Amino acid sequence: MQATAEIQAAGSPRRSQKHPMLKDKQVKDLIVDKRRLVEVPYTATLADTINTLMANKVVAVPVAAPPGQWIGAGGSMILEADKQTGAVRKHYIGMVTMLDILAHIAGNGCGDDDDDAHLTKKMMVPISSIIGHCLESLSVWTLSPNTSIVDCMEVFSKGIHRAMVPVNGRSENVVGVELTESASCYRMLTQMDLLRFLNDQQELKAIMSHKVSDKQLQAITDTVFGVTNKAKVIDVIKCMRTASLNAVPIVESSNEITEDHTQLVNGKKRKIVGTFSATDLRGCPVSKMQPLLNLEVLDFLKMLSNTGMRSSWREQVTCHPESSLGEVVEKVVSDNVHRVWVVDEQGLLEGVVSLTDMIRVIRLWYLTEFLQ
């Protein structure tokens with residue numbers, strides 16, 4: 001069972017005429033150049049799904065099933081139908097992310113040196129069986145093409161990472177949370193798509209000039225949990241699963257002999273030496289995964305880089321408290337990352353600015369400046 005929801009274009013707040021461009025933009029303006037939806041059938045194996053993610057360079061895919069066999073929470077259904085006849089062809093039953101896959105791999109019994117057979121068995125399960133390992137995959141969000149950019153910002157500022165946008169579709173709201181959405185095809189809109197668009201808007205130059213440390217913005221999340229450079233990949237995955245984290249900073253281990261490298265540590269004021277994200281495992285071929293799970297996390301990342309399975313072994317993307325919001329947005333857009341670590345002059349962690357933080361800050365400033 002999965003919860004399903006849709007954000008329709010709500011009544012627009014009172015708008016000022018001094019902002020003639022952004023206020024009139026809609027979600028359909030963001031999907032003009034988006035490719036057709038990448039998806040997997042509910043019968044696809046976990047290994048098949050990882051290969052699909054690798055081939056298409058995406059971090060999440062909706063799972064499609066035949067109509068009439070699955071139902072969403074409260075009777076909600078996101079359907080693909082024939083454009084001419086209206087006949088339903090498939091039903092999207094959930095969204096599988098790399099974090100779901102990590103959570104499945106990190107289940108009890110995986111990661112031991114003699115456990116190749118067990119991992120192989122895990123890789124052969126149908127992808128429909130792991131929907132819901134993490135909270136995000138329990139919801140399939142849709143956005144109407146006519147949703148305003150302001151309303152779209154509100155959705156993504158609440159931590160929703162992606163939404164399906166129907167093309168030539170229709171939706172029918174029923175009592176409560178029930179929803180039927182039918183379209184001939186869909187496009188996927190992500191937080192990154194929205195931020196790339198916002199980064200090009202001249203109207204936002206004023207907010208982009210603010211420092212991320214500006215207390216009025218509250219752009220920095222100053223509680224940061226990480227892993228040490230002595231942690232093994234399998235332990236990092238288990239930590240991420242437990243805490244529902246898509247990425248963690250890798251910090252230098254302390255001199256304390258008692259430090260537990262299998263657990264998350266408080267990264268504040270620790271030297272950051274790398275980042276491990278759910279997408280890193282996407283670059284690891286299934287056939288080679290088992291022995292690599294027991295490598296220390298930095299060795300794993302360097303190995304992926306050296307063998308061409310990761311684009312490059314690069315320094316983590318960071319900024320300083322005095323950096324402008326515009327600089328930070330430019331970093332995530334140009335480096336295609338989903339967070340920027342905030343460090344002091346010594347490279348010690350101060351916090352993190354995520355895509356959710358950036359969108360939230362820009363939206364709140366926009367509402368205050370132009371829509372009141």
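Values reported hereafter were calculated over all heavy atoms of this structure, with side chains retained and with hydrogens, waters and symmetry mates removed. Keep in mind the model is a prediction, meaning the values are calculated, not measured.
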Take Ile78 and Met164 through the test side-chain contact (heavy atoms from CB on, under 4.5 Å) and record every step on the way to the result. CA-CA 9 Å; Ile78 308 298; Met164 294 168 60; 4.2 Å; yes
Is there a donor-acceptor pair under 3.5 Å between the side chain of Asn266 and the backbone N or O of Lys268? yes
At what distance, to the nearest 0.5 angstrom, does CD1 of Ile101 lie from CD1 of Ile127? 5.0 Å
Residue list, salt bridge (Lys or Arg N to Asp or Glu O under 4.0 Å) with Arg35, at least two apart or on another chain: none
Verdict with reasoning, Ile93 to Ile131, per side-chain contact (heavy atoms from CB on, under 4.5 Å): CA-CA 9 Å; Ile93 62 174; Ile131 293 175; 3.9 Å; yes
How long is the straight-line distance from SG of Cys152 back to CD of Gln26, given to the nearest 0.5 Å? 11.0 Å
Pair Asn229, Glu296: side-chain N/O donor-acceptor within cut-off below 3.5 Å: no
To the nearest 0.5 Å, tell me how far Asp344 CG sits from Lys271 NZ. 8.5 Å
Is a donor on one side and an acceptor on the other found under 3.5 Å between the side chain of Glu369 and the backbone of Tyr366? no
Can you pull the side-chain hydrogen bond (donor to acceptor under 3.5 Å, both in side chains) pairs that have at least one residue in residues 188-198, sequence neighbours excluded? Lys34-Asp193, Thr190-Asp193, Gln191-Thr356, Arg196-Asn336
If Ile, Leu, Val, Met, Phe, Trp and Tyr residues are connected whenever their side-chain heavy atoms lie under 4.5 Å apart, and connections chain through other members, are Val251 and Met240 in the same group? no
Look at the side chain of His261 and the backbone N and O of Thr228, then say whether any donor-acceptor pair between them is shorter than 3.5 Å. no
Common cluster, Leu348/Trp341, ILVMFWY with side-chain heavy-atom separation under 4.5 Å: no
Can you see whether Glu154 engages Ser157 through a side-chain donor-acceptor pair at a distance of less than 3.5 angstrom? no
Quick one: does any side-chain atom of Thr221 pair with a main-chain N or O of Thr223 as donor and acceptor, under 3.5 Å? no
For Leu204, which of Val329, Asn199, Leu325, Leu22 qualifies under side chain to side chain contact (heavy atoms under 4.5 Å, CB included)? Leu22
Name all pairs fulfilling the salt bridge (Lys or Arg N to Asp or Glu O under 4.0 Å) condition that reach into residues 50-66, sequence neighbours left out, sorted by first residue then second. none
Looking at Asn56 and Thr52, would you say the former's side chain and the latter's main chain have a donor-acceptor pair under 3.5 Å? yes
Are Ile149 and Leu364 connected, step by step, through hydrophobic side chains (Ile, Leu, Val, Met, Phe, Trp, Tyr) whose heavy atoms are closer than 4.5 Å? no
Do NZ/NE/NH1/NH2 and the carboxylate oxygens of Arg270 and Glu259 come within less than 4.0 Å? yes
Over all heavy atoms of both residues, which pair between Val27 and Ser144 is shortest? Give the atoms and the distance, please. CB-O, 3.6 Å
Counting distance only, does the side-chain N/O of Asp214 pair as donor-acceptor with the main-chain N or O of Gln216 below 3.5 Å? yes
Does Lys23 pair with Glu203 as a salt bridge, N-O distance under 4.0 Å? no
Between Thr49 and Thr45, is there a donor-acceptor pair closer than 3.5 Å when you use the side chain of the first and the backbone of the second? yes
Does one side chain, of Glu80 or Tyr92, offer a donor that lies under 3.5 Å from an acceptor on the other? yes
For a side-chain contact (heavy atoms from CB on, under 4.5 Å) check, start with the C-alpha distance between Asn246 and His161, then their side-chain angles and the critical distance, and finish with the verdict. CA-CA 11 Å; Asn246 285 292; His161 296 144; 3.6 Å; yes
Carefully, step by step, assess Val212 and Leu217 under the rule side-chain contact (heavy atoms from CB on, under 4.5 Å). CA-CA 7 Å; Val212 291; Leu217 294 188; 5.9 Å; no
Below 4.5 Å, heavy atoms only, C-beta onward: do Glu322 and Ser213 meet side chain to side chain? yes
Considering only heavy atoms from C-beta outward, does the side chain of Leu194 approach that of Ile359 to under 4.5 Å? yes
I want to check something: taking the side chain as every heavy atom from C-beta on, are Lys269 and Glu350 in contact at a cut-off of under 4.5 Å? yes
With a 4.5 Å limit on heavy-atom distance, are the side chains of Val361 and Ile207 in contact? yes
Could you state the interatomic distance from OG (Ser129) to OH (Tyr42), rounded to the nearest 0.5 Å? 12.5 Å
Can you check whether Pro321's main-chain N or O pairs, donor with acceptor, with Lys211's side chain at less than 3.5 Å? no
Side chain of His320, backbone of Val343: donor and acceptor closer than 3.5 Å? yes
Side-chain donor or acceptor of Thr242 paired with backbone N/O of Lys238 under 3.5 Å: yes
Is Leu298 reachable from Leu264 through a run of hydrophobic residues whose side-chain heavy atoms are each under 4.5 Å from the next? yes
Report the distance from atom OG of Ser148 to atom CG of Asp24, rounding to the nearest 0.5 Å. 10.0 Å
Ionic contact status for Lys232 with Asp235, cut-off 4.0 Å: no
For residues Leu46 and His104, determine if any side-chain heavy atom of one lies less than 4.5 Å from a side-chain heavy atom of the other. yes
I need the Asp48 CG to Asn51 CG distance, nearest 0.5 Å. 6.5 Å
Are Ile272 and Val337 connected in a single hydrophobic cluster, I mean Ile/Leu/Val/Met/Phe/Trp/Tyr linked by side-chain heavy atoms less than 4.5 Å apart? no
